[in-house]
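This is a predicted model, so every value here is computed, not measured.
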Amino acid sequence: MPRPTPDLPATTRILRLQKLLESSNRTLTKAELAEQLGCTVETVRRNLQTLEQELGSDRLITDRSERAERHSLHPPPQRASQRPSHPLHGLAEEVDLFAHWVELMAPHLPASLAERARRAIPRLAMALGEGGPGYSGTPQTTGPGATTFRSKGYIDYAPHSATLRALRDAIRERKVCLIDYLAAGRETPRPHRLVPRRIVAQSGTLYLLADLLADGMLLPECGTTLSVHRIRSVSLTGEYGPPAPEPDGSARHFGLKWHEPRRRSVWIAAAAADYVRDRIWSDDQTITPHADGSLTLHVTTTSEEELQAWVNSFSGRARLEETPQSIPAPAPAPAPRQEETA
């Protein structure tokens, strides 16, 4: 016999009965319900009748296929306002940002993978169009993924998606832009009139490579590199800039382009050799192994300062060797201007 609880109000017991039936992953007999509620089987029978009157016969399930009747409840119907929104609802800016990243990373991905990513973009856009507050599909939840990413510090580019979209359109159509840019260490933005050429990603940061234009002219004055997250506004002038100069080969060098390519050699201690050996630092790199497990990495860099900062990050387990050897560029290009002077 269950332990009676005579002081428990009938309404409270009925609510507990409802919760038991809704939370159970199986049907329950009256005896099992009485045991958990601390009352008699006859009390459970009366409470089930009350529950059926309150909720409706379509909610209460009674299975009479066995010797003892078993009971459960259908889940409550969702109201329109309680229906889960589309899993992509409200993510239009993020999808646009994804489209930008696809184009940015396509040259570095296998062709088949880049094409799959491009095909996914219109499907995402269609899914966004079908979403909304009235979406009644099954809500999607994220479980533990096979791959996760961690960062020692990152820039949230979601608030800059409109800037990225404007720059991407200007690059594609060679449009002249007026950009308000807040350089590092400055308190107020400074205007720039330029033709955006390319957006590159490095160490979790997006940079705009552009040609600054001479006042009142469409001729490039010099090149510049700007951090995308420091761009405060982008507006189009209605003018079209000259075609982009021919790229100086397809090879990727170490760092952003602050100067003409130079050949450098970096000694790496044995403790860091595997880390360096497993990665590509420039397309034309070569490695010279040493008997003690150390190695010398030979790379082409277009940013001496970035290379030196990278060497310093090894805390004495790396050092630059020999005098830099300049590599003649195939075609003259405007000298880029660093962000700090922009």
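R232 CZ to T188 OG1: the interatomic distance, rounded to the nearest 0.5 Å, is 11.0 Å. The line from CZ of R45 to NZ of K30 is 8.0 Å long, rounded to the nearest 0.5 Å. To the nearest 0.5 Å, atoms OG1 (T286) and CG (L295) are separated by 10.5 Å. In this structure, Q36 CD and L17 CG are separated by 10.0 Å, a value rounded to the nearest 0.5 Å. A distance of 8.5 Å separates NE2 of H290 from CH2 of W267, quoted to the nearest 0.5 Å. Separating the CD1 atom in I231 from the OG1 atom in T163 is a distance of 6.5 Å, to the nearest 0.5 Å.
Clustering ILVMFWY residues whenever any of their side-chain heavy atoms sit less than 4.5 angstrom apart, transitively, puts Y181 in a cluster other than the one holding V176. Hydrophobic clustering (ILVMFWY, side-chain heavy atoms < 4.5 Å, transitive): L213 and L208 are in distinct clusters. When hydrophobic clusters are built by joining Ile, Leu, Val, Met, Phe, Trp and Tyr residues whose side-chain heavy atoms come closer than 4.5 Å, directly or via intermediates, L226 is grouped together with V228. The cluster map of Ile, Leu, Val, Met, Phe, Trp and Tyr, joined by side-chain heavy atoms under 4.5 Å apart, puts V195 and L218 in the same cluster. No chain of hydrophobic side-chain contacts below 4.5 Å, direct or via other Ile, Leu, Val, Met, Phe, Trp or Tyr residues, connects F254 to L209.
Remark: the backbone N or O of L206 is paired with a side-chain donor or acceptor of Y157 at under 3.5 angstrom. A donor-acceptor pair under 3.5 Å is formed between the side chain of W281 and the backbone N or O of V276. Judged by distance alone, with hydrogens and angles left aside, the side-chain atoms of R279 form a donor-acceptor pair with the main-chain N or O of Y275 at under 3.5 Å. Counting only distance, with no hydrogens or angles, the side chain of Q285 and the backbone of S282 share a donor-acceptor pair below 3.5 Å. The main-chain N or O of G241 is found under 3.5 Å from a side-chain atom of R174 such that the two form a donor-acceptor pair.
Look at D211 and R197 and you find a salt bridge, because one of the NZ, NE, NH1 or NH2 atoms lies within 4.0 Å of a carboxylate O, short of that distance.
For the pair I287/I268, no side-chain contact is recorded, criterion being any heavy-atom separation below 4.5 Å from C-beta on. Inter-residue side-chain proximity for E305 and Q308 is flagged as unmet; no heavy-atom pair is nearer than 4.5 Å. Between L21 and L48 there is a side-chain heavy-atom pair separated by less than 4.5 Å. The shortest distance between side-chain heavy atoms of T43 and L37 does not fall below 4.5 Å. At least one side-chain heavy atom of T205 sits less than 4.5 Å from a side-chain heavy atom of H229.
Contact record, P196 with A210: CA-CB, 3.9 Å, taken as the closest heavy-atom pair. Nearest approach of D169 to R172, heavy atoms of both residues: OD1-NH2, 2.5 Å. Across all non-hydrogen atoms, the minimal contact from Y240 to E173 is CD2-O, 3.2 Å. The two residues D292 and A270 come nearest to each other via the heavy atoms O-CB, 3.7 Å. Heavy atoms only, all atoms of each residue included: H160 and D156 are closest at CD2-O, 3.5 Å. V234 approaches A166 most closely through the heavy-atom pair CG1-CB, 4.1 Å.
Under a 4.5 Å side-chain heavy-atom criterion applied to ILVMFWY residues, the cluster that includes L178 comprises that residue alone.
The salt bridge (Lys or Arg N to Asp or Glu O under 4.0 Å) contacts involving residues 233-245 comprise R193-E239, where partners must be two or more places apart or lie in separate chains.
Of the options R263, R262, H253, a side-chain hydrogen bond (donor to acceptor under 3.5 Å, both in side chains) to T300 is made by R263 and by none of the others. Each of T296, T288, L320 was checked for a side chain to side chain contact (heavy atoms under 4.5 Å, CB included) with S265, and the lone residue meeting it is T296.
In this structure, R198 places its CZ atom where only 12 or fewer heavy-atom neighbours from other residues, nucleotides or ligands lie under 6.0 Å away.
Every ring-ring contact (aromatic ring centres under 6.0 Å, His included) that F314 has, sequence neighbours left out, goes to W310.
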